[in-house]
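In listed order, ligands and their atoms are each counted from 1. Index from 1, following the sequence.
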Amino acid sequence: MDHFDYLDGAMHVEQVPMAAIADAVGTPVYVYSTATLTRHVGVFREALSRLDDPLIAFAVKANPNAAVLATLGKLGLGADVVSGGELLRAIAAGIAAGRIVFSGVGKTAEEMRLALEHGIFQFNLESEPEAEMLSDVALSMGKRAPVAYRINPDVDAGTHAKISTGKSENKFGIPYDRALESYAAARALPGLDVQGVAVHIGSQLTDLAPLEAAFVKVGALIGKLREAGHDIRTADLGGGLGVPYDPSKPVPPSPADYGAMVTRVAQGWNVRLMFEPGRVIVGNAGALLSRVVRVKQGAQAPFVIVDAAMNDLLRPSLYDAWHDIRAVRPAGGRAAANVVGPVCETGDTFAMHRDMDVVQADDLVAFMTAGAYGATMASTYNSRALTPEVLVSGGKWAVVRARPPIETLIAGDSIPDWVRD
Ligand SMILES: *Cc1c(COP(=O)(O)O)cnc(C)c1O
C-alpha cells in the first residue's frame, strides 16, 4: 500500500499534487511519501511483535537520503551499512551507533577503524582474512569488535541472478560447511567478541521457502556453535523481502507472513534477532516523476521519450526490473508504447510494448515503486545532473536533495597545465 492516489483525475502524493512538485522543482525528480514510510515501518514492526526486542536495521543502500534516514531513525529503526560513507550518513541522520550493523565483503581497515570509533552494534564478517584484519585493527585501538559471521547457506533465493547472494558460487559469506572452523578461528582472535550468526540470501524475494531454508540452517548452526562453546547472542536474518512491482504478478508474501514464519522458525533460539529490510520499507514509498519530451513513431509501438533516463533509475537496465508507469493526469485511453530515456544506450529503456496510459509531449508520468535502489544508484552519465529528491508529509513537502547545477559537475574536473598549453 502506498499514498500515491488520484484525486480529481490527478495523481497526488498524500495531499500534494505531483504536478505541483514537477512545476516547482523540475523533472526528473524522486518523490517520497512520509506516510508510506511510516506505514511500512509499522507493518514490519507489527509483523515481528511476538519477538523480544528485535533490532530492525534499515539497509541504507536502498535509500540513503538524509531525510529518509532521519524519518526512519525517528521511527526507531537502526541501520545496516555497507561502507564508511553509509556509516557516516546513518550517524549524521541521528541513528545511534548502537543500532548499526556493518555488512559487506570488502570492508577496509580504515572503515573498520571508523566503525570501532563510533562503537557500532555488530560487524557481519564475510571471510577469515577479514576477521583477522578486524581483530588487528580493534587491538591497535585497545578494543574488541562485536562480530557475527555471515554464512552462505547455499540456497537459491529464486530471484534475479544479479540480486541473489546465498548460493555457494556467490561472493558473500563463509561456506556453511566450514562455519565451525571459521568460528573456532575467530574465537582465537583476541580483538574479536564473537556474538552472532548472520545470513542474507538476496533481494526481491517473492517466496518464503528459500528464506525459511536459510533460517533453518542458521538455527542448526546456532546449536552447533553453542555445543562448541560459543556464546551466541544474536542472529541477523538479513533483508530481502520482495515488494509488488507488477500488479499482474502474484503479490509477494506480506511482512505478516514473513514475521509468522520467522517467529515459528526462530522459536527457542534464545538470541536477539536482527533484520535488515531495505526495499520493503522504502520501495513503494517513492516514485520517479518525469515529463514526456516527445513521442516518436516506432516500428510496432510509439517511443515515449521521457526526461528520466537509466542514469536516474538504473534498475530496468541493470536487472530487467519492471516499474509501473502511470500518467499523472490520465486522459483516458490506453495503448502499447515503448518508454525510453534520452541517454545514448539501447539499455536506456524502461518498458517495451507496455500497455499504459496514452501520453503526449509535456505530460507527466510517474515510475512507481522507485523508492528503493532508485536515487541511490543515480549517476551523472551523459553529463546529466544528479536526480533531486522531494519528501512529502501530508500537505507539506520539501526538497531533500537539490538538483546540482551542471556547472558544478563540470567544475569538478580539472585540466592540467600540460593539457591546456
Ligand atoms: C542489500 C542488503 C539488504 C537489503 O535487502 P532488501 O532486499 O532491500 O531488503 C540487507 N542486508 C544486506 C547484507 C544487503 O546487502
Side-chain angles (χ1 to χ4, degrees), residues 37 40-41 43-44 47-48 54-64 68-69 72 77-83 85-87 90 99-107 111 115 120-127 130 147-153 157-167 170-174 196-208 210-211 214-215 218 234-245 252-255 258-259 262 273-286 314-315 318-319 321 369-377:
L37 292 172
H40 288 173
V41 171
V43 166
F44 201 82
L48 303 177
L55 174 58
I56 306 176
F58 172 66
V60 171
K61 74 180 195 283
N63 190 323
V68 171
L69 293 184
L72 299 177
L77 298 200
D80 170 44
V81 303
V82 294
S83 71
E86 285 191 352
L87 173 67
R99 307 180 70 78
I100 295 180
V101 190
F102 200 153
S103 302
V105 293
K107 301 175 204 77
E111 288 174 319
I120 66 163
F121 181 70
Q122 181 170 295
F123 290 85
N124 288 350
L125 298 175
E126 304 221 12
S127 66
E130 185 191 4
V147 301
Y149 258 122
R150 173 176 179 176
I151 57 148
N152 184 319
T159 183
H160 192 281
K162 286 192 181 162
I163 46 176
S164 289
T165 59
K167 284 289 286 172
N170 297 139
K171 69 177 176 178
F172 298 100
I174 56 165
V197 180
V199 76
H200 172 74
I201 61 169
S203 199
Q204 186 53 18
L205 271 72
T206 52
D207 181 2
L208 291 180
L211 286 166
F215 300 167
V218 167
T234 66
D236 182 344
L237 300 184
L241 192 58
V243 301
Y245 283 97
S254 67
Y258 170 86
V262 167
L273 287 176
M274 301 161 59
F275 299 88
E276 304 169 347
R279 190 186 309 271
V280 76
I281 302 292
V282 293
N284 288 350
L314 187 59
R315 301 186 64 257
L318 187 63
Y319 24 73
T369 319
Y373 308 104
T376 178
M377 287 192 188

Note to self: Please evaluate residues N284 and H40 with respect to the criterion side-chain contact (heavy atoms from CB on, under 4.5 Å), reporting the C-alpha separation (whole Å), side-chain torsions for both, the decisive distance (0.1 Å), and the verdict.
What the structure shows: CA-CA 9 Å; N284 288 350; H40 288 173; 3.6 Å; yes
Next item on the list: Enter the distance from N63:CG to L37:CG here, rounded to the nearest 0.5 Å.
Entry: 8.0 Å
Checklist line | N/O separation below 3.5 Å, V280 to ligand 1 | finding: no
Notebook entry, point to check: At a 4.0 Å threshold, what atoms of ligand 1 neighbour a non-hydrogen atom of G239?
Noted result: 9 (O), 10 (C)
Item checked: Nearest-0.5 Å distance that lies between atom CG in L241 and atom CD in Q204 -> 8.5 Å
Margin query: Show the atoms of ligand 1 that are less than 4.0 angstrom away from any heavy atom in S103.
Written below: 13 (C)
Next item on the list: If you have a sec, work out which protein heavy atom is nearest atom 7 (O) of ligand 1 and how many Å separate them, to one decimal?
Entry: S203 OG, 2.3 Å
Next item on the list: Name the closest protein heavy atom to atom 11 (N) of ligand 1, giving the residue it belongs to and the distance to 0.1 Å.
Entry: E276 OE1, 2.5 Å
Next item on the list: Report the nearest protein non-hydrogen atom to atom 8 (O) of ligand 1: residue, atom name, distance rounded to 0.1 Å.
Entry: Y373 OH, 2.5 Å
Notebook entry, point to check: Quick one: does G240 get a heavy atom under 4.0 Å from ligand 1?
Noted result: yes
Next item on the list: Heavy-atom contacts with R279 under 4.0 Å: which atoms of ligand 1 show up? List them by number with element.
Entry: 6 (P), 8 (O), 9 (O)
Next item on the list: Please identify which atoms of ligand 1 are closer than 4.0 Å to at least one heavy atom of R150.
Entry: 13 (C)
Notebook entry, point to check: For ligand 1, which atoms sit closer than 4.0 Å to a heavy atom of D80?
Noted result: 10 (C), 11 (N), 12 (C), 13 (C)
Note to self: Salt bridge check, E130 against K107: does any charged N sit closer than 4.0 Å to a carboxylate O?
What the structure shows: yes
Item checked: Protein contact to atom 2 (C) of ligand 1 [nearest heavy atom, distance to 0.1 Å] -> K61 NZ, 2.3 Å
Check: Where does the angle between the aromatic ring planes of H160 and Y319 fall among parallel (under 30°), tilted (30 to 60°) and perpendicular (over 60°)?
Finding: tilted
Next item on the list: Please determine, by modelled atom types, if E126 and N124 share a side-chain donor-acceptor pair under 3.5 angstrom.
Entry: no
Notebook entry, point to check: Backbone N or O of F172 within a donor-acceptor pair of the N152 side chain at under 3.5 Å?
Noted result: yes
Notebook entry, point to check: Under 3.5 Å, is there a donor-acceptor pair linking the side chains of S203 and R279?
Noted result: yes
